[in-house]
Structures are given as structure tokens and as C-alpha cells.
*Asks:* 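Structure in C-alpha cells, see below.
As a basis for the values below, the full set of heavy atoms in this structure was taken, side chains included, without hydrogen atoms, waters or symmetry mates. Both counts, for ligands and for their atoms, begin at 1 and track the order of listing.
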Amino acid sequence: MDSSYIQVTPIKQSKIDTVDFNKLDFGRVFSDYMFECDYKNGEWQTPVIKPYGPISLDPSARVFHYGQAVFEGMKAYKDDNDDIFLFRPDENLKRINKSSERLAMPAFPENYFFDGLTKLLHLEKNWIKKGFGNSLYIRPFVIATQPAISASPSEDYKFMIILSPAQAYYAGEVRVLFAEKYSRSANGGVGFAKAAGNYAAQFFPTSLAHKKGYQQIIWTDANTHEYLEEAGTMNIFFRIGDKLITAPNNDRILDGITRKSIIQLAKDNGIEIEVRPVSVAEIKDAARKGELKEIFGTGTAAVINPIVGFGHSEEDFELPKLEKSYASFFKEKLMNIQYNKSQDPYGWRVKI
Ligand code: COI
């Protein structure tokens, strides 16, 4: 890899000594450098790496008016030998370009993505801490920068990567509410994309759920609210007896990289897995009969997060506390691969 064409503007002084890496609120602290690449005159310009800091945009930039913005979530991990790894990064590039296509934005070139990311992470290697659960969260994103407010796609864009040291995404127990009124996405919409607006649209209903004591909503299909889809920050798995069930991908559900890794791990570890629509009625029925053993969410930021209980139609259900949960089994398997503690028969782990 020759990334010498990506110029680096050096920082004056690193902020790293001001950061308490044992007490990190997700996404509040950012590393010293960022990656930036502009799209102008129909092509991506030569990218640069520069000190992390504010960017200047015209108030009429289209992103502010029409939300033409997409993003990704990735993590860098360090093993005991100080080697740095990514997890299935090609999937993130594919997905951000799929998201961009849906929002009428240009695809980002593979060489700029990998050269830029690798150079940035090598520069910021001290921000990646060793140890299970420590990582450097990577946030690539694209925004429409053209100063113009007619409702049409921008001609100019900015692709950036910023980095944030991370530990757990959810600090405490996660209890969820099954959606009955609001929807996250609809058929033919942008639910499968990591479009910024998908997240903004969840904030208000989620704040109502918070007031009732739930941390997250599990979104249901917009037509009937009878089928469980995803949690917005996570895909969702249900365990009934010893069987694992998760909703199939469609144009309303994010094609989660952790999700598909768990499906593969389940298949290869003799755990029965069904990828099919999961109904609210089925889950409530299983909970009443004591057959619902687990619900857990999967995502890059959240990794694998057990759900302790759920609510629906003014009824609350608690989940049992298991000694040997699938959630902890998969979390260990996955993290062993990510942190270079086990073999990776899939080629998911990429050393950079
Ligand atoms: C991720 O898991 O990386 C995500 O993008 C979810 C985000 C809301 C933190």
C-alpha cells in the first residue's frame, strides 16, 4: 500500500494525556486526527489527514436542509503484540456505498478508503487500547456540502473519518419497548441504509420510551406492527428454547455485519438458527410459557447486548438471568476473533 499521496498536517500537541480511557462515555472523545476527502466537479479529490477540529460549511449546504448524509460504524482492535485489526472492513465500504447510492450520493473509492483508514489508524495507534472491550470506534461519514437549497441532490460532498476511543455502548441494563405506534422505516424506504435521518427519526419515540423506563425500542413492521424488526442501534435475536430466531433482511432492516457474523457462528457451532419473520404474539406467548430464554441485540458499537425485559401493550415481561447465555457465548467467540485471541476460519479479521 502506498498512501504517500495522502498528506498529513501535523498536530501541535496530542490530547491523549487528557483522556481517561477507563471512563469513556461512548462517542464523546475524539482522537487527534481526522481524514477528509472532498467531491467536486464530478470526482473525489486527493484526500488529506489533518488535526481533528471544526469544519466550515456554508449554511445553505444541502446536508442541513435535506439530510443528505450517510455513515458507518467500525472498530479497530489491538492484540497483546500491539498489532491492529479491523473486522470485515470490506463490508463497511460496501454498505456505505450502498447507503450513498440510495441517497443519490457518489460511491467512495476503495483505495482512498483503505489507504486513508490505514494511515489514520497507524497515526493514532496509541488511541487503540489493549484488552477485551477496548477499541477505537471508527466513524466514516459522507455529507452533502453544496451551498444550494433547491430540493435536489448535491453536486459536492465531503467524506470524513473520525475516531473515538470506546468501551461499552450501553452503560446499564437494556429494557426495550416493542413499537406499536411509530415506525422507523417502510417498504421501499431507506431503512436498510445507514442514513443519518433514520437515527434522527427514532429520537422522539425513543425519548417517550425512556420516560416509561425503556432504553430502546424494537421497531416493528410499519404496516401491522406485528413483526419485530430491529432496535435501531442493533439487530435483534430471540432465543426460544434452544432455537435462535432473527428477522430476515429486507429494505427496512439494516444489513448488520455483527448480525450476519452471529448467524454464521450459530450455524458453525451447532446452534439451531431460523432467519424468518418473528411476531410479537409469538414472543409474548413464548415469554408467558417460560420458553423465551433470551433477547439480545447485535451491532458494531453495542457488540452483543443482552435485553433484560420488554414491554408491549402496557404489559411487561422479564427475561431469565442465564448462567450460560447464547449472548455471552457469541460475544466471546466474536471478540476472540476480533482481538486475535482465536483462529479466524472466516478471514474476517484484517491486520493493518
Ligand atoms: C454502530 O453500531 O456502529 C452504529 O452505527 C450504531 C450507532 C447508533 C452507534
*Asks:* What residue among Phe141, Phe108, Tyr199 forms ring-ring contact (aromatic ring centres under 6.0 Å, His included) with Phe71?
*Replies:* Tyr199
*Asks:* Between ligand 1 and the protein, which N/O pairs fall short of 3.5 Å?
*Replies:*
residue, atom, partner, partner atom, Å
ligand 1, 2 (O), Thr300, N, 3.3
ligand 1, 2 (O), Ala301, N, 2.8
ligand 1, 3 (O), Tyr137, OH, 2.5
ligand 1, 5 (O), Tyr137, OH, 3.3
ligand 1, 5 (O), Lys194, NZ, 2.7

*Asks:* Suppose we screen for salt bridge (Lys or Arg N to Asp or Glu O under 4.0 Å). Which residues come up paired with Lys130, at least two apart in sequence or across chains?
*Replies:*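 Lys130: salt bridge (Lys or Arg N to Asp or Glu O under 4.0 Å) contacts with Asp82.
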*Asks:* Please confirm whether Arg239 makes a cation-pi placement over Tyr326, using NZ or CZ under 6.0 Å from the six-membered ring centre and within 45° of the ring normal.
*Replies:*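 The answer is yes, since Arg239 meets both limits relative to Tyr326.
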*Asks:* Within 45° of the ring axis of Tyr137 and under 6.0 Å from its six-membered ring centre, is that where the NZ or CZ of Lys75 lies?
*Replies:* no
*Asks:* Residues in ring pair (Phe, Tyr, Trp, His ring centres under 6.0 Å) with Tyr77, at least two apart?
*Replies:* Tyr339
*Asks:* Could you list the residues that satisfy salt bridge (Lys or Arg N to Asp or Glu O under 4.0 Å) with Lys284, not counting sequence neighbours?
*Replies:* Glu315
